[in-house]
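Read the structure below first, then the notes.
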There are 4 protein chains.
Amino acid sequence: MVDSLSPDDTSRDRRPGRPRDTAIDDAALAAARTLLAEVGWDRTTMVAIAERADVGKPALYRRWPSKTHLIFEAVFGWVPDHVPVAEAQSADDWVERSFDYTLDMFGRPDVRAALPGLLATLRDNPDLQSNLWRQFGSPAVDMLSDTLDNDGATTDSALDAQATMLLIIGSSMLVRLLLRGDAADAVSARLPGILRAR
Amino acid sequence: MVDSLSPDDTSRDRRPGRPRDTAIDDAALAAARTLLAEVGWDRTTMVAIAERADVGKPALYRRWPSKTHLIFEAVFGWVPDHVPVAEAQSADDWVERSFDYTLDMFGRPDVRAALPGLLATLRDNPDLQSNLWRQFGSPAVDMLSDTLDNDGATTDSALDAQATMLLIIGSSMLVRLLLRGDAADAVSARLPGILRAR
Amino acid sequence: MVDSLSPDDTSRDRRPGRPRDTAIDDAALAAARTLLAEVGWDRTTMVAIAERADVGKPALYRRWPSKTHLIFEAVFGWVPDHVPVAEAQSADDWVERSFDYTLDMFGRPDVRAALPGLLATLRDNPDLQSNLWRQFGSPAVDMLSDTLDNDGATTDSALDAQATMLLIIGSSMLVRLLLRGDAADAVSARLPGILRAR
Amino acid sequence: MVDSLSPDDTSRDRRPGRPRDTAIDDAALAAARTLLAEVGWDRTTMVAIAERADVGKPALYRRWPSKTHLIFEAVFGWVPDHVPVAEAQSADDWVERSFDYTLDMFGRPDVRAALPGLLATLRDNPDLQSNLWRQFGSPAVDMLSDTLDNDGATTDSALDAQATMLLIIGSSMLVRLLLRGDAADAVSARLPGILRAR
DNA sequence: ATTTAAGCGAGACGGTACGTCAAGTCTTGCA
DNA sequence: TGCAAGACTTGACGTACCGTCTCGCTTAAAT
């Protein structure tokens, strides 16, 4: 269930010296998620994360090169056991399932709190960008692309699939960022219909 | 061309005391835009804005309660002379024009630099949120809503119009934030087609 | 009773235009004294004085070139109707009366609050220094000098008189600044005796 | 030679974590003294001290709660290797040596620059007041008190000793603050004589 | 009675210090 | 070597005060 995005996670070989305490990783990520949801991005400081996780600040920086990397992994550093998009039967079905999944994700309070900071990072860090794409975007988009090809409804399925994905993600993000409660639900409910009605 | 978002814009009656120098407002906002484009959000500090505008820091804080408010107005605090959406002939036309306008706006370097910070503010400041909506969202959405009513193609035109707007804005934002150069252009070009094909 | 120390008080000739409102002078000085006693030097700001005196800040700066000048006059800008030192019968008597007067003056809460700032000014502003000396120091010292000459007890009466004055003023100042209540009274009571016992 | 006045000097037990760099303390205090002497109180800012000492501002605020506390320790936070008063043979000798020492101290340019601000602090900070007294006043006064007892010349030696001290310190301070060059020297030379002639 | 020079309160202006706080790095002593 | 504690630098933030200035109004003396 946990599939880390951290860059220095590749080496699983035994290194000399005392091994790192893996419990610290989990505690830190959990603390970051909790703080984001509770007090927002600004007050989710490294010291606060360290205190909440009952861990030292250097232990954090030993694992993640910056606060943003930590939070990035805390928020996106796992994939659910079951990605419902994988079972989509048609393009419309794919859209609907993607909205379900995306709206749900951006509705998580920790994700909402982390989003702006993460967008900034994404803009400046191509490595995280491609990480994210590889994990979330690429598989789903490939699948939609195949479906569209089968339907023969488009001239450039890859581009259309990517654009569709951006429409879904972008609108989901905005709904969650700008709207609250009933308003958010009402608009969310219409989104798939508008996009699907092709 | 400049239509301020500042809240104390209503009273034009002479208040006692030395009146504010409106040149400072303009200089500060222009300085903020320039700095955002040139050096990015992080190095667009209040002192830097003050120096660039040849203005004192307190003069800034007299006008805007925080750096974010200043930048918010610098980036969104004006409407162009001519909003092309106003002349849309149909729903499809409206979508196309909106994409043009929105992609253009989010392509501005100062907007790109400011966006993440502004999204964070938007999440926490309902006042700015409603300001933004009143200025950009509301008129355009109302117009689309009317058009949809005429077409008789929807059951709840207001909701659909709002959802459409979110799709347009969200995807434009993401394209500009995540994609560069040719990739951005290629995807941008497909966006209206996907949404319009209803 | 009020003999102003303000520097631009010399010209009593009619200048053209509206004459200054003398009530403002008194109100400002009184406000300064009150604030010094109530909130101390640091929080006795020009704005606070202006507000307390129900007066504009420029009216203050029209009269005094700086905050220090204002406070200086507020605290020392008057001489009592009756300077008891003038009636001293002997050197010992002079010392005793001077201590009485000086301890009393430095015991005033406004004077205590203003002293440090005033010392700084005195150090840097020779004009205020000579003003103060002319008003308080010089007459009294001259008088003691004469008395000492009559007694024939000293080789350089002017110098001795000045030194004596510094001993009196300095010790009075310190007592009031550093000691409180009973301790201050007890020590004060011994001061004249020590100096007089020659 | 350096005997710190800092309040947390009692515990010499090892606290966890990285210990403070004592070189920073010394560098900061030296920088403060130098700046006071060179540019005066007003331009001895915390940033200037930090720069001169090649140290960060937070390192300063970690050690002293305010600028005044820092400067206080810089100016009074040490005792010379050799306090000449300790060897006084008689009350007169004590007075003479005290004047020597005190006039010398208040003649130091850093002390002269810092005095007014420090007096203000002293008035409001009983803790610094007692610190100062414990270090400078108390030992010397006790000694004089003993001498006076031996002479049998007074009814309350403790009070008289304290009063004498105030006379010495107060007059020395004033001389250094108000007089310059020859005038200061001439008056200073007479001070001990006047007080000693008992 | 009109002019006119100045005073007036309100408050903005530039400049600058203060004290706080965050991020990210470095240094202890211990395990 | 990892770890916790807590030092360190850098540098932004927001507040406050000082002394100056500008506005539109009012006042009293001089015409």
Side-chain angles (χ1 to χ4, degrees), chain A residues 15-21 24 42-48 50-51 53-68 70, chain B residues 14-24 42-48 50-51 53-68, chain C residues 14-22 24 42-48 50-51 53-68, chain D residues 14-24 42-48 50-51 54-68:
Chain A
R15 283 183 300 175
R18 172 175 170 179
R20 290 193 182 158
D21 183 350
I24 290 180
D42 281 346
R43 285 159 60 202
T44 300
T45 67
M46 287 304 256
V47 171
E51 281 175 357
D54 208 21
V55 143
K57 194 159 53 136
L60 263 31
Y61 280 101
R62 216 171 288 121
R63 288 165 171 74
W64 298 277
S66 79
K67 169 184 173 179
T68 314
L70 196 175
Chain B
R14 267 267 162 266
R15 283 184 306 171
R18 175 176 176 175
R20 292 210 178 144
D21 184 349
T22 53
I24 289 181
D42 282 345
R43 285 161 59 202
T44 300
T45 67
M46 288 304 257
V47 172
E51 282 176 355
D54 208 21
V55 143
K57 194 164 51 138
L60 263 30
Y61 280 102
R62 244 191 304 282
R63 288 167 170 74
W64 299 278
S66 79
K67 170 184 171 178
T68 314
Chain C
R14 270 274 164 261
R15 284 182 302 173
R18 173 177 177 177
R20 291 196 182 155
D21 184 350
T22 54
I24 289 180
D42 281 347
R43 284 159 60 202
T44 300
T45 68
M46 288 303 257
V47 171
E51 280 176 357
D54 209 21
V55 143
K57 194 157 56 133
L60 262 30
Y61 280 101
R62 218 173 282 122
R63 288 165 172 74
W64 298 276
S66 79
K67 169 184 172 178
T68 316
Chain D
R14 268 270 163 264
R15 283 184 305 171
R18 175 176 175 175
R20 291 200 180 153
D21 185 350
T22 54
I24 289 181
D42 281 346
R43 284 161 59 204
T44 301
T45 66
M46 288 304 257
V47 172
E51 281 175 356
D54 209 21
V55 143
K57 198 162 44 139
L60 263 29
Y61 280 102
R62 238 192 306 283
R63 288 167 170 73
W64 300 278
S66 78
K67 169 185 171 177
T68 315

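Residue numbers begin at 1 in each chain, while the letters A, B, ... track the order of the sequences.
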If I take atom [atom1] in residue [X] and atom [atom2] in nucleotide [N], what distance separates them, rounded to the nearest angstrom?
X     : N      : atom1 : atom2 : result
C/R20 : E/dG9  : CZ    : P     : 12 Å
B/M46 : E/dG14 : CE    : P     : 13 Å
D/R62 : E/dC21 : CZ    : C1'   : 12 Å
A/W64 : E/dA23 : CH2   : C1'   : 16 Å
A/R43 : E/dT20 : CZ    : P     : 18 Å
B/L60 : E/dC13 : CG    : C1'   : 12 Å
C/K67 : F/dC17 : NZ    : P     : 9 Å

Closest to the [X] side chain, choosing from [options]:
X     : options                : value
C/S66 : F/dG19, E/dC13, F/dA7  : F/dG19
D/R18 : E/dC26, F/dT26, E/dG11 : E/dC26
A/I24 : E/dC8, F/dC3, F/dC13   : F/dC3
D/P58 : E/dC13, E/dC18, F/dT9  : F/dT9
D/Y61 : F/dC18, E/dT20, E/dG24 : E/dT20

| message | Reading DNA chain E from 5' onward, which residue's closest nucleotide shows up sooner: D/T68 or B/A59? | response |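 Counting from the 5' end, the first nearest nucleotide belongs to B/A59.
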| query | For the residue pair A/M46 and A/S66, what are the closest heavy atoms and their distance? | reply |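 Reported closest heavy-atom pair: CE-C, 4.5 Å.
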| task | Indicate whether OP1 or OP2 belonging to F/dG19 is found under 4.0 Å from a side-chain N or O atom of C/R63. | result |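 No, outside the criterion.
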| query | Who pairs with B/A23 by side-chain contact (heavy atoms from CB on, under 4.5 Å), at least two apart in sequence or on another chain? | reply | B/D21
| remark: With sequence neighbours left out, the residues meeting side-chain contact (heavy atoms from CB on, under 4.5 Å) with C/A50 are C/L60
| request: Mark yes or no for a side-chain to base donor-acceptor pair under 3.5 Å between D/K57 and F/dG11, with no hydrogen or angle criteria applied. | output: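 No, no donor-acceptor pair under 3.5 Å.
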| message | Taking the nucleotide of DNA chain F with the nearest heavy atom to each, does D/D21 or C/T44 sit closer to the 5' end? | response |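 Nearest nucleotide further toward 5': that of D/D21.
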| request: For the pair D/I24 and D/R63, evaluate side-chain contact (heavy atoms from CB on, under 4.5 Å) and give the outcome as yes or no after the intermediate values. | output: CA-CA 10 Å; D/I24 289 181; D/R63 288 167 170 73; 3.6 Å; yes
| What distance do B/E51 atom CD and B/T45 atom OG1 have between them, rounded to the nearest 0.5 Å? |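 Here the interatomic distance stands at 7.5 Å.
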| query | Just checking D/D42: base, sugar-phosphate only, or nothing, at a heavy-atom cut-off of under 4.0 Å? | reply | nothing
